[in-house]
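Take a look at the structure below.
Values in this document were obtained by computation on a predicted structure and should not be read as measured data. Just the heavy atoms: all of them, side chains too, but no hydrogens, waters or symmetry mates, feed the values below.
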Amino acid sequence: MAFKDLLVVVDSGAASEARLDLAARLATQTDAHLTALYTFTDVALPGYIQAELPAELRANRRKALDEQAAAAARRFDEAMRRHGRTERSEWVAIEGDPTAAAALRGRYADLIIVGQPDPQHDRETPVAQPADLLFETGRPLLVVPYAGRFASIGERVLVGWNGSREAARAIGDAMPLLEQARRVVVMAANPKPGPNGLGDEPGADIARHLSRHGCKVEAAHISTDVVEAGDTLLNVAADESCDLLVMGAYGRSRLRELVLGGMTRFMLQHMTVPVLMSH
């Protein structure tokens with residue numbers, strides 16, 4: 001299935017512009033419709049405090065929120081004109097929780113593009129949380145690092161492969177990009193031996209499957225007890241100049257308490273390139 005309907009989650013943060021630019025380029029590559037979701041949230045105060053606030057102060061707070069939303073909308077319009085997407089794009093601004101809004105809207109998209117939370121700057125302002133969206137949307141996520149700009153997406157792709165259902169799902173969800181990529185490297189980090197592992201040639205079977213889709217693919221594996229698997233993938237991504245990492249997301253959601261697998265948590269915290277994740 002091709003990507004024909006993309007959702008990018010934007011905000012007023014400094015990293016949002018690079019995320020929007022990447023989303024516009026991806027929409028151009030795939031000839032997809034792009035919807036930008038902007039969510040604004042007022043400071044939550046107890047009712048008795050709200051009642052005591054002067055009307056002028058409440059009006060000024062609302063004006064500031066409206067001005068931030070208007071500035072974000074202008075940046076969106078400029079990006080769409082720059083990439084020639086004005087006829088294939090949509091701006092949606094709503095009030096509410098960013099994660100809940102993105103989870104609801106994301107179910108109607110082929111791919112959700114969201115930012116990696118910045119631990120230094122996203123503490124006071126609510127932003128969409130990729131870890132929650134992984135389990136609440138049923139859609140693949142493209143998580144964009146909060147640091148850096150990304151001149152390309154999906155030209156050189158690294159696939160983290162361990163033979164799991166989550167990894168297989170991620171490959172299926174990423175297929176529209178994998179088929180167009182100039183190069184795909186399937187990497188098995190510390191592959192499990194034995195009949196229930198990845199065999200004598202780890203990654204060879206999934207590489208063969210990808211080649212049947214026309215992908216320009218090669219398989220590799222690394223076994224080491226010195227470097228963690230997450231660091232290994234990021235090191236390979238840097239060495240091979242990859243502009244996208246594809247991997248499965250592991251864990252489960254119990255009510256509102258999220259339990260993430262170690263690799264998923266590591267990548268959400270330490271990613272250096274955009275990561276396409278599926279659960």
Side-chain angles (χ1 to χ4, degrees), residues 6-27 34-41 68-69 71-76 78-79 82-83 93 97-103 105-106 109 111-137 139-154 156-158 160 170 177 228 230-231 233-235 237-238 241-247 249 251 258 260-279:
L6 307 179
L7 177 72
V8 58
V9 182
V10 298
D11 50 53
S12 297
S16 185
E17 185 176 351
R19 189 186 322 138
L20 180 58
D21 187 70
L22 181 147
R25 279 187 280 107
L26 182 57
L34 177 62
T35 300
L37 175 64
Y38 178 90
T39 308
F40 57 95
T41 307
Q68 288 180 347
R74 287 193 297 272
R75 289 192 292 270
F76 170 76
E78 291 168 0
R82 189 165 61 249
H83 290 276
D97 177 73
T99 302
R105 296 272 177 171
L111 179 69
I112 303 167
I113 303 163
V114 65
Q116 175 197 24
D118 185 341
Q120 298 298 322
H121 299 96
D122 292 337
R123 293 179 178 178
E124 298 180 359
T125 303
V127 296
Q129 297 296 319
D132 292 325
L133 293 177
L134 280 169
F135 296 94
E136 294 182 8
T137 63
R139 292 291 193 250
L141 259 63
L142 178 61
V143 188
V144 183
Y146 63 78
R149 299 188 73 90
F150 307 95
S152 63
I153 179 72
R156 298 168 302 282
V157 184
L158 177 65
L177 295 177
E228 293 294 334
D231 280 322
L233 286 178
L234 292 179
N235 289 341
S241 299
C242 294
D243 57 11
L244 177 65
L245 170 62
V246 174
M247 61 176 283
L258 193 65
L260 287 176
M263 174 68 85
T264 309
R265 183 184 300 107
F266 176 91
M267 204 58 66
L268 287 174
Q269 293 174 348
H270 301 287
M271 63 175 61
T272 53
V273 297
V275 179
L276 193 151
M277 289 182 167
S278 291
H279 174 65

When you look at Leu134 and Thr264, which way does the side-chain contact (heavy atoms from CB on, under 4.5 Å) test go after all the steps? CA-CA 10 Å; Leu134 280 169; Thr264 309; 4.1 Å; yes
Leu177 and Leu276, any side-chain heavy atoms less than 4.5 Å apart: yes
Flag yes if more than 12 heavy atoms outside Arg156 fall under 6.0 Å of its CZ atom; otherwise flag no. yes
To check you understand the geometry: which heavy-atom pair defines the closest contact between Pro117 and Val127, and what is its length? CB-CG2, 4.4 Å
Partners passing side-chain hydrogen bond (donor to acceptor under 3.5 Å, both in side chains) against Ser12 (at least two apart in sequence or in another chain): Tyr38
side-chain hydrogen bond (donor to acceptor under 3.5 Å, both in side chains) filter on Ser241, not counting sequence neighbours, yields none
Nearest heavy-atom contact between Pro98 and Ala128 is CB-N, 3.5 Å
For Arg75, side-chain hydrogen bond (donor to acceptor under 3.5 Å, both in side chains) partners two or more places apart: none
Closest heavy-atom pair, Thr39 versus Asp97, reported as atoms and distance to 0.1 Å, is CG2-C, 3.9 Å
So which atom in Ala109 and which in Arg139 form the shortest heavy-atom distance, rounded to 0.1 Å? O-NE, 2.5 Å
Could I get the full list of side chain to side chain contact (heavy atoms under 4.5 Å, CB included) partners for Ser16, not counting sequence neighbours? Val10, Asp11, Arg19
Residue pair Leu234, Phe266: steps toward the side-chain contact (heavy atoms from CB on, under 4.5 Å) verdict: CA-CA 11 Å; Leu234 292 179; Phe266 176 91; 3.9 Å; yes
Quick one: side chain to side chain contact (heavy atoms under 4.5 Å, CB included) partners of Ala170, sequence neighbours excluded? Val246, Ser278
Using side chain to side chain contact (heavy atoms under 4.5 Å, CB included) as the criterion, list what pairs up with Ala18, not counting sequence neighbours. Arg149
Flag yes if more than 12 heavy atoms outside Gln68 fall under 6.0 Å of its CD atom; otherwise flag no. yes
My understanding is that only residues two or more places apart in sequence, or in another chain, count here; which of them pass side-chain hydrogen bond (donor to acceptor under 3.5 Å, both in side chains) with Thr137? none
If you apply the rule side-chain contact (heavy atoms from CB on, under 4.5 Å), what do you find for Arg82 with Asp21, and how did you get there? CA-CA 9 Å; Arg82 189 165 61 249; Asp21 187 70; 3.6 Å; yes
Name all residues meeting the salt bridge (charged side-chain N to carboxylate O under 4.0 Å, His left out) criterion together with Asp243; count only those two or more places apart in sequence or in a different chain, and write none if there are none. none
Tell me, with the steps shown, if Leu244 and Leu142 meet side-chain contact (heavy atoms from CB on, under 4.5 Å). CA-CA 9 Å; Leu244 177 65; Leu142 178 61; 3.6 Å; yes
Looking only at heavy atoms, which two atoms of Ala237 and Leu158 are closest? And how far apart? N-CD2, 3.8 Å
Exercise: identify the closest heavy-atom pair between Leu268 and Met271: CA-CE, 4.0 Å
For a side chain to side chain contact (heavy atoms under 4.5 Å, CB included) with Val9, tell me which candidate from Leu20, Thr35, Ile112 qualifies. Ile112
